[in-house]
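Worksheet: one structure, shown below.
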Amino acid sequence: MKNVTDSFVSLVHWPFAGSFGFNTDILATNPINLSIVLGVLIFFGKGVLSDLLDNRKLKILNTIRNSEELQGGAIERLEKARARLRKVEMEADQFRANGYSEIEREKWNLINSTSKTLEELENYKNETIHFEQQRAINQVRQQVFQQALQAALGTLNSCLNKELHLRTISANIGMFGAMKEITD
């Protein structure tokens, strides 16, 4: 490294007598050097830079086109989804309305069938009560009749003696005989 630096330093000390050399005045040489470097870069790098910019431009345009296509597809899918959502909401409203009307219909059917069942049970209850009343009345009648018969038999047995008893039997036989003659 020292050799390279020494060679530049030795070039700086060359005389200016018509020979080629380096100018160490930075303010004078810097714009010239920069313009030469920029000129060389522009001349040789123009095609590369132009190709790079064109490639970048094409990539950006392709990305924009792809983004627009994706946006269009997304908008289309969004519209389809919104249409499907509206359709589903309409169907849900229809199901809800049908469900409510079905519930009301079932409620009234249940109320009517329960009312009919209660009415039938009321009729059955009334029939059962009437039957039980008739049975109770018949039982009471039988008991009253039996008690009256026992009381009558008791009275007859206590009041009747043998002679009265024989006369009553004879009278009854006579009545049966008379009835028989009438019917014949």
Side-chain angles (χ1 to χ4, degrees), residues 45-184:
K46 182 180 178 182
V48 173
L49 185 61
S50 175
D51 288 343
L52 285 173
L53 289 175
D54 287 343
N55 286 340
R56 182 68 181 146
K57 181 181 177 182
L58 287 175
K59 283 182 183 179
I60 290 171
L61 289 175
N62 284 336
T63 304
I64 290 172
R65 252 192 308 267
N66 289 339
S67 297
E68 287 174 350
E69 288 175 5
L70 289 174
Q71 179 188 13
I75 290 172
E76 185 178 318
R77 285 192 307 273
L78 178 64
E79 288 302 318
K80 286 180 181 179
R82 283 182 179 162
R84 199 170 77 220
L85 176 65
R86 283 190 298 271
K87 181 181 176 186
V88 167
E89 284 176 344
M90 287 174 36
E91 288 176 358
D93 289 341
Q94 190 176 25
F95 282 136
R96 203 174 298 122
N98 289 342
Y100 289 143
S101 65
E102 184 68 26
I103 288 171
E104 284 294 317
R105 189 171 34 254
E106 287 297 321
K107 181 177 88 174
W108 285 112
N109 287 343
L110 181 62
I111 289 171
N112 289 337
S113 75
T114 305
S115 174
K116 286 179 184 177
T117 304
L118 287 174
E119 195 175 302
E120 290 171 359
L121 287 173
E122 185 71 25
N123 290 339
Y124 179 71
K125 179 189 81 168
N126 290 337
E127 288 175 7
T128 304
I129 289 172
H130 181 71
F131 175 74
E132 289 296 323
Q133 284 175 345
Q134 289 299 322
R135 197 174 87 181
I137 290 170
N138 286 339
Q139 283 179 349
V140 169
R141 280 183 186 164
Q142 282 181 346
Q143 287 176 355
V144 168
F145 179 71
Q146 284 178 356
Q147 288 176 355
L149 187 59
Q150 286 176 355
L153 283 176
T155 306
L156 278 177
N157 284 335
S158 67
C159 293
L160 286 179
N161 55 19
K162 278 188 175 187
E163 184 182 320
L164 187 60
H165 195 236
L166 285 175
R167 234 184 325 168
T168 305
I169 291 174
S170 306
N172 284 335
I173 290 174
M175 277 186 4
F176 282 133
M179 285 169 89
K180 187 176 179 185
E181 287 178 6
I182 294 174
T183 56
D184 286 340

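FYI, side chains are in, hydrogens and waters are out, and symmetry mates aren't considered; it's all heavy atoms of this structure.
The structure places CD1 of Ile103 at 12.5 Å from CG of Leu110, a figure rounded to the nearest 0.5 Å. Atom OG1 of Thr168 is separated from atom CD1 of Ile173 by 11.0 Å, given to the nearest 0.5 angstrom. Once rounded to the nearest 0.5 Å, the distance linking CD1 of Ile111 with CH2 of Trp108 reads 4.5 Å. Atom-to-atom distance recorded for Ile137:CD1 and Arg141:CZ is 6.5 Å, nearest 0.5 angstrom. Put simply, CD on Glu106 and OG on Ser101 are 10.5 Å apart, with the number rounded to the nearest 0.5 Å. In this structure, the separation between CG on Asn112 and OG1 on Thr117 is 10.5 Å, given to the nearest 0.5 Å.
Asn126 places none of its side-chain heavy atoms less than 4.5 Å from the side chain of His130. By the 4.5 Å heavy-atom criterion applied to side chains, Met90 and Lys87 are not counted as neighbours. Considering only heavy atoms from C-beta on, Arg105 comes within 4.5 Å of Asn109 through its side chain. In this structure, the side chains of Thr128 and Phe131 stay at 4.5 Å or more apart for every pair of heavy atoms.
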Exercise for the section: Determine, stepwise, if the pair Arg65 / Asn62 fulfils side chain to side chain donor-acceptor pair (under 3.5 Å). Expected result: CA-CA 5 Å; Arg65 252 192 308 267; Asn62 284 336; 2.6 Å; yes
Problem - salt bridge (charged side-chain N to carboxylate O under 4.0 Å, His left out) assessment of Glu122 paired with Lys125 - result: CA-CA 5 Å; Glu122 185 71 25; Lys125 179 189 81 168; 3.0 Å; yes
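Salt bridge Asp54/Lys57: absent, no basic N to carboxylate O contact under 4.0 Å. In summary, Arg86 and Glu89 do not engage in a salt bridge, as defined by a charged side-chain N under 4.0 Å from a carboxylate O. A salt bridge links Lys107 with Glu104: the distance from a Lys NZ or Arg NE/NH1/NH2 to an Asp or Glu carboxylate oxygen falls below 4.0 Å.
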